[in-house]
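These figures come from a predicted structure and were not determined experimentally. Every chain is numbered from 1 and lettered A, B, ... according to where its sequence line falls, protein lines coming before strand lines.
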There are 2 protein chains.
Amino acid sequence: MSDEPRREILAAASRLFAAGGVGATTMAEIARRSGLQQSSLYYYFHSKEALLDALVTEANRAPLELVERIRSEGGAPAVQLYRLIRADVAALSALPYDLNELHRMAARDPRMFRRYWRERERLIAAVTEIIAAGVASGELRAIDPALSTLTILSNDEATQHWLRGDLKRASRRSRPSTVTADPTEAGRFLADLTLRGLMTRPASLEQIRRRARTLDDS
Amino acid sequence: MSDEPRREILAAASRLFAAGGVGATTMAEIARRSGLQQSSLYYYFHSKEALLDALVTEANRAPLELVERIRSEGGAPAVQLYRLIRADVAALSALPYDLNELHRMAARDPRMFRRYWRERERLIAAVTEIIAAGVASGELRAIDPALSTLTILSNDEATQHWLRGDLKRASRRSRPSTVTADPTEAGRFLADLTLRGLMTRPASLEQIRRRARTLDDS
DNA sequence: ATGGAGTTTTGATGATGTATCGAAAGTCGT
DNA sequence: ACGACTTTCGATACATCATCAAAACTCCAT
(Lines give C-alpha, C1' and ligand atoms only; values in the text may rest on other atoms or scores of the structure.)
Protein backbone atom coordinates (compact mmCIF):
# COMPACT_ATOMS: atom_id res chain seq x y z
CA MET A 1 0.00 0.00 0.00
CA SER A 2 1.39 3.33 -1.05
CA ASP A 3 1.89 5.92 1.64
CA GLU A 4 1.01 9.05 -0.22
CA PRO A 5 -2.79 8.76 -0.44
CA ARG A 6 -2.75 7.79 3.20
CA ARG A 7 -1.04 11.03 4.10
CA GLU A 8 -3.38 13.02 1.95
CA ILE A 9 -6.39 11.48 3.62
CA LEU A 10 -4.98 12.26 7.06
CA ALA A 11 -4.27 15.84 6.03
CA ALA A 12 -7.76 16.34 4.67
CA ALA A 13 -9.32 14.76 7.74
CA SER A 14 -7.16 16.91 9.97
CA ARG A 15 -8.30 20.09 8.26
CA LEU A 16 -11.94 19.07 8.44
CA PHE A 17 -11.73 18.12 12.11
CA ALA A 18 -10.17 21.48 12.81
CA ALA A 19 -13.03 23.25 11.06
CA GLY A 20 -16.02 21.34 12.35
CA GLY A 21 -14.99 18.69 14.85
CA VAL A 22 -14.94 14.93 14.50
CA GLY A 23 -18.67 14.39 14.74
CA ALA A 24 -19.51 16.85 12.01
CA THR A 25 -16.95 15.46 9.59
CA THR A 26 -18.15 12.69 7.29
CA MET A 27 -16.08 10.07 5.56
CA ALA A 28 -17.65 11.22 2.30
CA GLU A 29 -16.34 14.72 2.79
CA ILE A 30 -12.88 13.50 3.71
CA ALA A 31 -12.93 11.38 0.56
CA ARG A 32 -14.01 14.27 -1.62
CA ARG A 33 -11.16 16.43 -0.34
CA SER A 34 -8.70 13.65 -1.00
CA GLY A 35 -9.97 13.09 -4.52
CA LEU A 36 -11.47 9.70 -3.76
CA GLN A 37 -14.87 8.11 -3.40
CA GLN A 38 -16.19 7.48 0.07
CA SER A 39 -15.77 3.72 -0.11
CA SER A 40 -12.15 4.07 -1.18
CA LEU A 41 -11.17 5.42 2.20
CA TYR A 42 -11.81 2.01 3.67
CA TYR A 43 -8.98 0.62 1.65
CA TYR A 44 -6.59 2.75 3.72
CA PHE A 45 -8.40 2.84 7.07
CA HIS A 46 -10.78 0.11 7.98
CA SER A 47 -12.94 2.49 9.97
CA LYS A 48 -13.33 6.12 10.90
CA GLU A 49 -11.87 5.32 14.29
CA ALA A 50 -8.78 3.75 12.72
CA LEU A 51 -8.26 7.06 10.96
CA LEU A 52 -8.59 8.88 14.25
CA ASP A 53 -6.10 6.53 15.84
CA ALA A 54 -3.52 7.36 13.19
CA LEU A 55 -4.17 11.04 13.69
CA VAL A 56 -4.02 11.07 17.46
CA THR A 57 -0.90 8.92 17.53
CA GLU A 58 0.79 11.35 15.21
CA ALA A 59 -0.37 14.33 17.28
CA ASN A 60 0.85 12.78 20.49
CA ARG A 61 4.27 12.47 18.97
CA ALA A 62 4.86 16.22 19.32
CA PRO A 63 4.87 16.26 23.13
CA LEU A 64 6.72 12.97 23.18
CA GLU A 65 9.56 14.25 21.05
CA LEU A 66 9.55 17.41 23.10
CA VAL A 67 10.04 15.67 26.40
CA GLU A 68 12.72 13.42 24.99
CA ARG A 69 14.63 16.32 23.54
CA ILE A 70 14.38 18.31 26.75
CA ARG A 71 15.55 15.36 28.80
CA SER A 72 18.48 14.79 26.51
CA GLU A 73 19.52 18.40 26.81
CA GLY A 74 19.80 17.99 30.55
CA GLY A 75 19.60 20.66 33.21
CA ALA A 76 17.93 20.64 36.59
CA PRO A 77 14.57 18.81 36.77
CA ALA A 78 12.73 22.01 37.58
CA VAL A 79 14.19 23.64 34.49
CA GLN A 80 13.23 20.67 32.37
CA LEU A 81 9.70 20.78 33.74
CA TYR A 82 9.41 24.50 33.10
CA ARG A 83 10.58 24.12 29.53
CA LEU A 84 8.30 21.18 28.96
CA ILE A 85 5.13 22.93 30.07
CA ARG A 86 5.81 26.00 28.01
CA ALA A 87 6.71 24.02 24.92
CA ASP A 88 3.89 21.55 25.35
CA VAL A 89 1.22 24.23 25.43
CA ALA A 90 2.79 25.79 22.35
CA ALA A 91 3.03 22.46 20.53
CA LEU A 92 -0.55 21.49 21.30
CA SER A 93 -1.77 24.90 20.26
CA ALA A 94 0.10 24.58 16.99
CA LEU A 95 -1.79 21.43 16.02
CA PRO A 96 -4.54 22.05 13.49
CA TYR A 97 -7.24 20.59 15.74
CA ASP A 98 -7.93 20.25 19.42
CA LEU A 99 -6.26 17.12 20.73
CA ASN A 100 -8.76 17.04 23.57
CA GLU A 101 -11.53 15.59 21.47
CA LEU A 102 -9.45 12.78 20.04
CA HIS A 103 -7.98 12.13 23.44
CA ARG A 104 -11.43 11.57 24.81
CA MET A 105 -12.41 9.16 22.06
CA ALA A 106 -9.18 7.31 22.65
CA ALA A 107 -10.03 6.99 26.32
CA ARG A 108 -13.39 5.48 25.38
CA ASP A 109 -11.90 2.71 23.36
CA PRO A 110 -8.40 1.69 24.50
CA ARG A 111 -8.35 -1.31 22.24
CA MET A 112 -8.94 0.58 19.02
CA PHE A 113 -6.47 3.28 20.07
CA ARG A 114 -3.83 1.02 21.51
CA ARG A 115 -1.07 2.48 19.36
CA TYR A 116 -1.80 5.86 20.85
CA TRP A 117 -1.92 4.54 24.39
CA ARG A 118 1.42 2.83 24.06
CA GLU A 119 3.08 6.12 23.14
CA ARG A 120 1.08 8.02 25.69
CA GLU A 121 2.45 5.80 28.41
CA ARG A 122 5.97 6.57 27.30
CA LEU A 123 5.18 10.27 27.60
CA ILE A 124 3.73 9.83 31.06
CA ALA A 125 6.71 7.77 32.17
CA ALA A 126 9.18 10.37 30.93
CA VAL A 127 7.48 13.26 32.71
CA THR A 128 7.11 11.21 35.86
CA GLU A 129 10.84 10.58 35.85
CA ILE A 130 11.60 14.28 35.57
CA ILE A 131 9.35 15.05 38.50
CA ALA A 132 10.66 12.19 40.60
CA ALA A 133 14.18 13.47 39.98
CA GLY A 134 13.11 16.93 41.08
CA VAL A 135 11.60 15.57 44.25
CA ALA A 136 14.70 13.51 44.95
CA SER A 137 16.98 16.51 44.46
CA GLY A 138 14.84 18.62 46.75
CA GLU A 139 13.98 21.19 44.08
CA LEU A 140 10.35 20.09 44.13
CA ARG A 141 8.19 19.48 47.14
CA ALA A 142 7.43 15.94 48.29
CA ILE A 143 4.58 15.44 45.86
CA ASP A 144 3.38 12.25 44.22
CA PRO A 145 5.15 12.21 40.83
CA ALA A 146 2.47 10.16 39.09
CA LEU A 147 -0.37 12.38 40.31
CA SER A 148 1.60 15.47 39.38
CA THR A 149 2.34 14.20 35.90
CA LEU A 150 -1.26 13.50 35.06
CA THR A 151 -2.32 16.84 36.47
CA ILE A 152 0.33 18.71 34.50
CA LEU A 153 -0.30 16.97 31.19
CA SER A 154 -4.03 17.46 31.60
CA ASN A 155 -3.55 21.11 32.40
CA ASP A 156 -1.40 21.63 29.31
CA GLU A 157 -4.13 20.16 27.21
CA ALA A 158 -6.82 22.11 29.03
CA THR A 159 -4.99 25.36 28.47
CA GLN A 160 -4.66 24.63 24.79
CA HIS A 161 -8.33 23.77 24.76
CA TRP A 162 -9.75 26.95 26.23
CA LEU A 163 -7.21 29.01 24.37
CA ARG A 164 -8.31 27.56 21.07
CA GLY A 165 -11.93 28.27 21.84
CA ASP A 166 -11.08 31.74 22.99
CA LEU A 167 -9.13 32.55 19.85
CA LYS A 168 -11.87 31.26 17.61
CA ARG A 169 -14.45 33.31 19.45
CA ALA A 170 -12.28 36.37 19.26
CA SER A 171 -11.82 35.99 15.53
CA ARG A 172 -15.57 35.69 15.07
CA ARG A 173 -16.31 38.41 17.59
CA SER A 174 -19.35 36.33 18.43
CA ARG A 175 -18.86 36.23 22.19
CA PRO A 176 -17.81 38.54 24.96
CA SER A 177 -15.45 37.72 27.82
CA THR A 178 -12.58 36.69 25.67
CA VAL A 179 -9.07 37.09 26.93
CA THR A 180 -7.31 36.86 23.58
CA ALA A 181 -4.12 35.58 25.08
CA ASP A 182 -1.70 33.93 22.69
CA PRO A 183 -0.27 30.43 23.23
CA THR A 184 3.07 31.82 24.32
CA GLU A 185 1.54 33.94 27.04
CA ALA A 186 -0.81 31.21 28.23
CA GLY A 187 2.00 28.66 28.23
CA ARG A 188 4.24 30.93 30.24
CA PHE A 189 1.46 31.63 32.70
CA LEU A 190 0.78 27.94 33.21
CA ALA A 191 4.47 27.09 33.54
CA ASP A 192 4.95 29.85 36.09
CA LEU A 193 1.89 28.77 38.03
CA THR A 194 2.86 25.12 38.04
CA LEU A 195 6.51 25.58 38.94
CA ARG A 196 5.75 28.02 41.71
CA GLY A 197 3.22 25.52 42.94
CA LEU A 198 5.61 22.60 42.94
CA MET A 199 8.95 24.14 43.89
CA THR A 200 10.38 23.99 47.36
CA ARG A 201 11.57 27.57 47.05
CA PRO A 202 9.16 29.42 44.73
CA ALA A 203 11.28 32.54 45.06
CA SER A 204 13.94 30.96 42.86
CA LEU A 205 11.57 30.65 39.92
CA GLU A 206 13.23 33.59 38.24
CA GLN A 207 16.47 31.67 38.14
CA ILE A 208 14.73 28.61 36.69
CA ARG A 209 13.22 30.78 34.02
CA ARG A 210 16.56 32.24 33.01
CA ARG A 211 18.16 28.84 32.74
CA ALA A 212 15.21 27.56 30.74
CA ARG A 213 15.50 30.44 28.36
CA THR A 214 19.21 29.84 27.87
CA LEU A 215 18.54 26.23 26.94
CA ASP A 216 15.58 27.12 24.74
CA ASP A 217 17.70 29.52 22.76
CA SER A 218 20.64 27.17 22.26
CA MET B 1 -46.05 20.05 28.86
CA SER B 2 -45.59 18.05 32.02
CA ASP B 3 -42.20 18.14 33.66
CA GLU B 4 -41.90 14.63 34.91
CA PRO B 5 -41.23 12.70 31.68
CA ARG B 6 -38.75 15.40 30.80
CA ARG B 7 -36.81 14.70 33.97
CA GLU B 8 -36.97 10.99 33.41
CA ILE B 9 -35.58 11.37 29.91
CA LEU B 10 -32.74 13.52 31.20
CA ALA B 11 -31.95 11.03 33.93
CA ALA B 12 -31.89 8.13 31.48
CA ALA B 13 -29.76 10.08 29.04
CA SER B 14 -27.41 11.06 31.80
CA ARG B 15 -26.89 7.46 32.85
CA LEU B 16 -26.30 6.34 29.28
CA PHE B 17 -23.82 9.13 28.55
CA ALA B 18 -21.94 8.16 31.67
CA ALA B 19 -21.74 4.58 30.52
CA GLY B 20 -20.87 4.99 26.87
CA GLY B 21 -20.44 8.63 25.98
CA VAL B 22 -22.66 10.87 23.90
CA GLY B 23 -21.76 9.45 20.52
CA ALA B 24 -22.52 5.88 21.49
CA THR B 25 -25.88 6.73 23.03
CA THR B 26 -28.85 6.58 20.68
CA MET B 27 -32.15 8.36 21.03
CA ALA B 28 -33.83 4.97 20.71
CA GLU B 29 -32.00 3.66 23.74
CA ILE B 30 -32.79 6.77 25.78
CA ALA B 31 -36.43 6.33 24.82
CA ARG B 32 -36.46 2.68 25.80
CA ARG B 33 -35.06 3.48 29.23
CA SER B 34 -37.66 6.18 29.70
CA GLY B 35 -40.51 3.89 28.68
CA LEU B 36 -41.21 5.73 25.45
CA GLN B 37 -40.84 5.20 21.73
CA GLN B 38 -37.94 6.87 19.96
CA SER B 39 -40.09 9.41 18.17
CA SER B 40 -41.78 10.46 21.41
CA LEU B 41 -38.58 12.00 22.69
CA TYR B 42 -38.92 14.69 20.07
CA TYR B 43 -42.05 15.91 21.77
CA TYR B 44 -39.91 16.96 24.74
CA PHE B 45 -36.63 17.85 23.02
CA HIS B 46 -36.62 18.91 19.43
CA SER B 47 -33.22 17.36 18.84
CA LYS B 48 -30.52 15.35 20.52
CA GLU B 49 -28.55 18.54 20.94
CA ALA B 50 -31.42 20.25 22.71
CA LEU B 51 -31.34 17.39 25.18
CA LEU B 52 -27.61 17.91 25.64
CA ASP B 53 -28.17 21.61 26.21
CA ALA B 54 -30.59 20.90 29.03
CA LEU B 55 -28.13 18.47 30.55
CA VAL B 56 -25.05 20.66 30.35
CA THR B 57 -26.91 23.69 31.66
CA GLU B 58 -28.01 21.67 34.64
CA ALA B 59 -24.50 20.31 35.20
CA ASN B 60 -22.97 23.75 35.05
CA ARG B 61 -25.27 24.85 37.80
CA ALA B 62 -23.23 22.90 40.37
CA PRO B 63 -20.06 25.02 40.07
CA LEU B 64 -22.17 28.14 39.73
CA GLU B 65 -24.01 27.53 42.97
CA LEU B 66 -20.72 26.63 44.55
CA VAL B 67 -19.01 29.86 43.70
CA GLU B 68 -22.00 31.89 44.75
CA ARG B 69 -22.24 30.17 48.09
CA ILE B 70 -18.53 30.56 48.72
CA ARG B 71 -18.63 34.23 47.85
CA SER B 72 -21.59 34.80 50.12
CA GLU B 73 -19.77 33.12 52.98
CA GLY B 74 -16.99 35.67 52.66
CA GLY B 75 -13.40 35.30 53.75
CA ALA B 76 -10.19 36.39 52.09
CA PRO B 77 -10.09 35.99 48.28
CA ALA B 78 -7.31 33.43 48.51
CA VAL B 79 -9.40 31.37 50.91
CA GLN B 80 -12.40 31.61 48.61
CA LEU B 81 -10.30 30.50 45.68
CA TYR B 82 -8.87 27.58 47.58
CA ARG B 83 -12.30 26.42 48.65
CA LEU B 84 -13.65 26.86 45.15
CA ILE B 85 -11.03 24.73 43.45
CA ARG B 86 -11.36 21.89 45.92
CA ALA B 87 -15.13 21.91 45.83
CA ASP B 88 -15.27 22.33 42.05
CA VAL B 89 -13.16 19.27 41.39
CA ALA B 90 -15.31 17.33 43.83
CA ALA B 91 -18.55 18.59 42.30
CA LEU B 92 -17.47 17.84 38.75
CA SER B 93 -16.27 14.41 39.76
CA ALA B 94 -19.61 13.72 41.40
CA LEU B 95 -21.52 14.28 38.16
CA PRO B 96 -22.56 11.05 36.51
CA TYR B 97 -20.77 11.88 33.23
CA ASP B 98 -17.73 13.80 32.15
CA LEU B 99 -18.67 17.43 31.65
CA ASN B 100 -15.75 17.79 29.27
CA GLU B 101 -17.54 16.14 26.39
CA LEU B 102 -20.67 18.24 26.66
CA HIS B 103 -18.58 21.33 27.20
CA ARG B 104 -16.85 20.66 23.93
CA MET B 105 -20.07 20.22 22.01
CA ALA B 106 -21.37 23.42 23.55
CA ALA B 107 -18.31 25.25 22.34
CA ARG B 108 -18.96 24.00 18.83
CA ASP B 109 -22.41 25.42 18.66
CA PRO B 110 -22.90 28.52 20.83
CA ARG B 111 -26.31 29.20 19.38
CA MET B 112 -27.83 25.88 20.27
CA PHE B 113 -26.23 25.96 23.71
CA ARG B 114 -26.87 29.60 24.45
CA ARG B 115 -28.60 28.87 27.76
CA TYR B 116 -25.49 27.12 28.94
CA TRP B 117 -23.23 29.91 27.77
CA ARG B 118 -25.19 32.55 29.58
CA GLU B 119 -24.72 30.74 32.88
CA ARG B 120 -21.15 29.91 32.09
CA GLU B 121 -20.38 33.59 31.72
CA ARG B 122 -21.82 34.24 35.14
CA LEU B 123 -19.50 31.61 36.56
CA ILE B 124 -16.49 33.10 34.83
CA ALA B 125 -17.40 36.58 35.99
CA ALA B 126 -17.76 35.46 39.60
CA VAL B 127 -14.39 33.71 39.68
CA THR B 128 -12.74 36.63 37.94
CA GLU B 129 -14.03 38.92 40.65
CA ILE B 130 -12.59 36.75 43.39
CA ILE B 131 -9.20 36.76 41.73
CA ALA B 132 -9.27 40.47 41.01
CA ALA B 133 -10.06 41.08 44.67
CA GLY B 134 -7.13 38.91 45.66
CA VAL B 135 -4.81 40.81 43.36
CA ALA B 136 -6.11 44.12 44.68
CA SER B 137 -5.58 43.07 48.28
CA GLY B 138 -2.06 41.89 47.53
CA GLU B 139 -2.74 38.27 48.51
CA LEU B 140 -2.30 37.17 44.92
CA ARG B 141 0.46 38.16 42.56
CA ALA B 142 -0.20 40.72 39.83
CA ILE B 143 -1.72 38.24 37.41
CA ASP B 144 -4.37 38.76 34.76
CA PRO B 145 -7.64 37.79 36.48
CA ALA B 146 -9.39 36.77 33.27
CA LEU B 147 -6.51 34.61 32.10
CA SER B 148 -6.24 33.05 35.54
CA THR B 149 -9.94 32.29 35.73
CA LEU B 150 -10.03 30.44 32.46
CA THR B 151 -6.91 28.52 33.36
CA ILE B 152 -8.27 27.54 36.75
CA LEU B 153 -11.71 26.48 35.54
CA SER B 154 -10.14 24.51 32.72
CA ASN B 155 -7.77 22.83 35.11
CA ASP B 156 -10.60 21.83 37.43
CA GLU B 157 -12.36 20.21 34.54
CA ALA B 158 -9.17 18.63 33.27
CA THR B 159 -8.46 17.11 36.66
CA GLN B 160 -11.94 15.69 36.85
CA HIS B 161 -11.45 14.35 33.33
CA TRP B 162 -8.25 12.41 33.85
CA LEU B 163 -9.40 11.28 37.26
CA ARG B 164 -12.57 9.82 35.82
CA GLY B 165 -10.61 7.96 33.18
CA ASP B 166 -8.14 6.78 35.73
CA LEU B 167 -10.80 5.46 38.06
CA LYS B 168 -12.58 3.65 35.28
CA ARG B 169 -9.36 2.06 34.15
CA ALA B 170 -8.51 1.05 37.68
CA SER B 171 -11.90 -0.57 38.15
CA ARG B 172 -11.47 -2.51 34.94
CA ARG B 173 -7.85 -3.32 35.67
CA SER B 174 -7.39 -2.94 31.94
CA ARG B 175 -4.45 -0.53 31.97
CA PRO B 176 -1.29 0.07 33.92
CA SER B 177 0.06 3.40 35.12
CA THR B 178 -2.99 4.32 37.08
CA VAL B 179 -2.66 6.55 40.08
CA THR B 180 -6.00 5.71 41.65
CA ALA B 181 -6.28 8.98 43.45
CA ASP B 182 -9.71 9.95 44.70
CA PRO B 183 -11.43 13.26 43.86
CA THR B 184 -10.68 14.67 47.29
CA GLU B 185 -6.99 14.04 46.99
CA ALA B 186 -6.77 15.30 43.41
CA GLY B 187 -8.79 18.39 44.28
CA ARG B 188 -6.59 19.17 47.24
CA PHE B 189 -3.48 18.69 45.13
CA LEU B 190 -4.76 21.03 42.44
CA ALA B 191 -5.89 23.65 44.95
CA ASP B 192 -2.51 23.55 46.69
CA LEU B 193 -0.67 23.77 43.39
CA THR B 194 -2.77 26.65 42.14
CA LEU B 195 -2.77 28.72 45.30
CA ARG B 196 0.95 28.32 45.83
CA GLY B 197 1.36 29.35 42.22
CA LEU B 198 -0.75 32.46 42.55
CA MET B 199 -0.05 33.69 46.06
CA THR B 200 2.34 36.47 46.85
CA ARG B 201 3.59 34.56 49.90
CA PRO B 202 3.25 30.84 49.16
CA ALA B 203 4.55 30.08 52.62
CA SER B 204 1.26 31.20 54.11
CA LEU B 205 -0.70 28.54 52.23
CA GLU B 206 -1.02 26.52 55.41
CA GLN B 207 -2.91 29.36 56.98
CA ILE B 208 -5.21 29.65 53.97
CA ARG B 209 -5.91 25.96 54.17
CA ARG B 210 -6.86 26.15 57.83
CA ARG B 211 -9.22 29.02 57.24
CA ALA B 212 -10.76 27.23 54.29
CA ARG B 213 -11.33 24.15 56.34
CA THR B 214 -13.00 26.16 59.09
CA LEU B 215 -15.43 27.66 56.60
CA ASP B 216 -16.01 24.32 54.85
CA ASP B 217 -16.95 22.73 58.15
CA SER B 218 -19.33 25.44 59.24
C1' DA C 1 3.50 -5.14 -26.93
C1' DT C 2 0.98 -8.27 -23.85
C1' DG C 3 -0.65 -11.42 -20.28
C1' DG C 4 -1.46 -11.63 -15.73
C1' DA C 5 -0.65 -11.00 -10.67
C1' DG C 6 -1.15 -7.75 -7.48
C1' DT C 7 -2.89 -3.13 -6.16
C1' DT C 8 -6.25 0.49 -6.04
C1' DT C 9 -10.80 2.41 -6.92
C1' DT C 10 -15.53 2.23 -7.42
C1' DG C 11 -20.85 1.70 -7.32
C1' DA C 12 -24.32 -0.81 -5.14
C1' DT C 13 -26.11 -2.00 -0.96
C1' DG C 14 -26.94 -3.15 4.08
C1' DA C 15 -27.23 -1.50 8.69
C1' DT C 16 -27.99 1.94 12.00
C1' DG C 17 -29.22 6.47 13.66
C1' DT C 18 -31.63 11.27 13.60
C1' DA C 19 -35.58 13.78 12.68
C1' DT C 20 -40.43 14.67 10.68
C1' DC C 21 -45.28 14.07 10.26
C1' DG C 22 -49.97 12.88 10.42
C1' DA C 23 -52.85 10.02 12.91
C1' DA C 24 -54.12 7.58 17.04
C1' DA C 25 -54.64 7.50 21.96
C1' DG C 26 -55.20 9.66 26.24
C1' DT C 27 -56.80 13.48 29.53
C1' DC C 28 -59.89 16.63 31.39
C1' DG C 29 -63.38 20.18 32.02
C1' DT C 30 -68.06 20.93 31.04
C1' DA D 1 -70.10 11.78 26.39
C1' DC D 2 -68.50 15.73 23.66
C1' DG D 3 -64.68 18.41 22.28
C1' DA D 4 -60.28 20.79 22.91
C1' DC D 5 -55.90 19.98 24.21
C1' DT D 6 -51.90 17.05 25.30
C1' DT D 7 -49.14 13.10 24.61
C1' DT D 8 -47.65 8.95 22.15
C1' DC D 9 -46.91 6.31 18.22
C1' DG D 10 -45.80 3.99 13.54
C1' DA D 11 -44.19 4.89 9.13
C1' DT D 12 -40.88 6.98 6.69
C1' DA D 13 -37.37 10.27 4.72
C1' DC D 14 -32.72 11.10 4.91
C1' DA D 15 -27.79 10.86 6.34
C1' DT D 16 -23.83 8.23 7.58
C1' DC D 17 -20.65 4.22 8.33
C1' DA D 18 -19.18 0.09 6.56
C1' DT D 19 -18.95 -4.13 3.33
C1' DC D 20 -18.25 -6.38 -0.94
C1' DA D 21 -17.66 -7.99 -5.49
C1' DA D 22 -16.35 -6.25 -9.68
C1' DA D 23 -13.90 -2.96 -12.48
C1' DA D 24 -9.78 -0.24 -13.44
C1' DC D 25 -5.11 0.40 -12.99
C1' DT D 26 0.08 -0.69 -12.50
C1' DC D 27 3.95 -2.93 -13.67
C1' DC D 28 6.96 -6.77 -14.35
C1' DA D 29 8.21 -10.97 -17.05
C1' DT D 30 7.84 -12.77 -21.22
Would you please name every residue forming a salt bridge (Lys or Arg N to Asp or Glu O under 4.0 Å) with Arg196(B), sequence neighbours left out?
none
Sorted by chain and number, sequence neighbours left out, side chain to side chain donor-acceptor pair (under 3.5 Å) with Glu49(B) holds for none
Any protein N or O atoms within reach of nucleotides 23-26 of chain C? Criterion: under 3.5 Å, listing atom names and distances.
none

Taking only residues two or more places apart in sequence or in another chain, which ones pass ring-ring contact (aromatic ring centres under 6.0 Å, His included) with Tyr116(B)?
His103(B)
note: Leu51(A), atom CG; dT16(D), atom P; distance rounded to Å ~ 16 Å
With Arg213(B) via side chain to side chain donor-acceptor pair (under 3.5 Å) - residues at least two apart:
none
Salt-bridge contact Arg104(B)-Glu101(B) (side-chain N to carboxylate O under 4.0 Å)
no
For Ala50(B), enumerate each residue passing the side-chain contact (heavy atoms from CB on, under 4.5 Å) test, keeping only those at least two apart in sequence or located in another chain.
Phe45(B), His46(B), Ser47(B)
Any residue meeting side-chain contact (heavy atoms from CB on, under 4.5 Å) with Gln80(B), in chain and number order, not counting sequence neighbours
Ile70(B), Arg71(B), Ile130(B)
A correct 5'-to-3' footprint of nucleotides 7-19 of chain C, with B, S and - meaning base, sugar-phosphate only and no protein heavy atom under 4.0 Å, is SBBBB-----SBB
With sequence neighbours left out, what residues match Asp144(B) under side-chain contact (heavy atoms from CB on, under 4.5 Å)?
Val179(A), Ala146(B), Leu147(B)
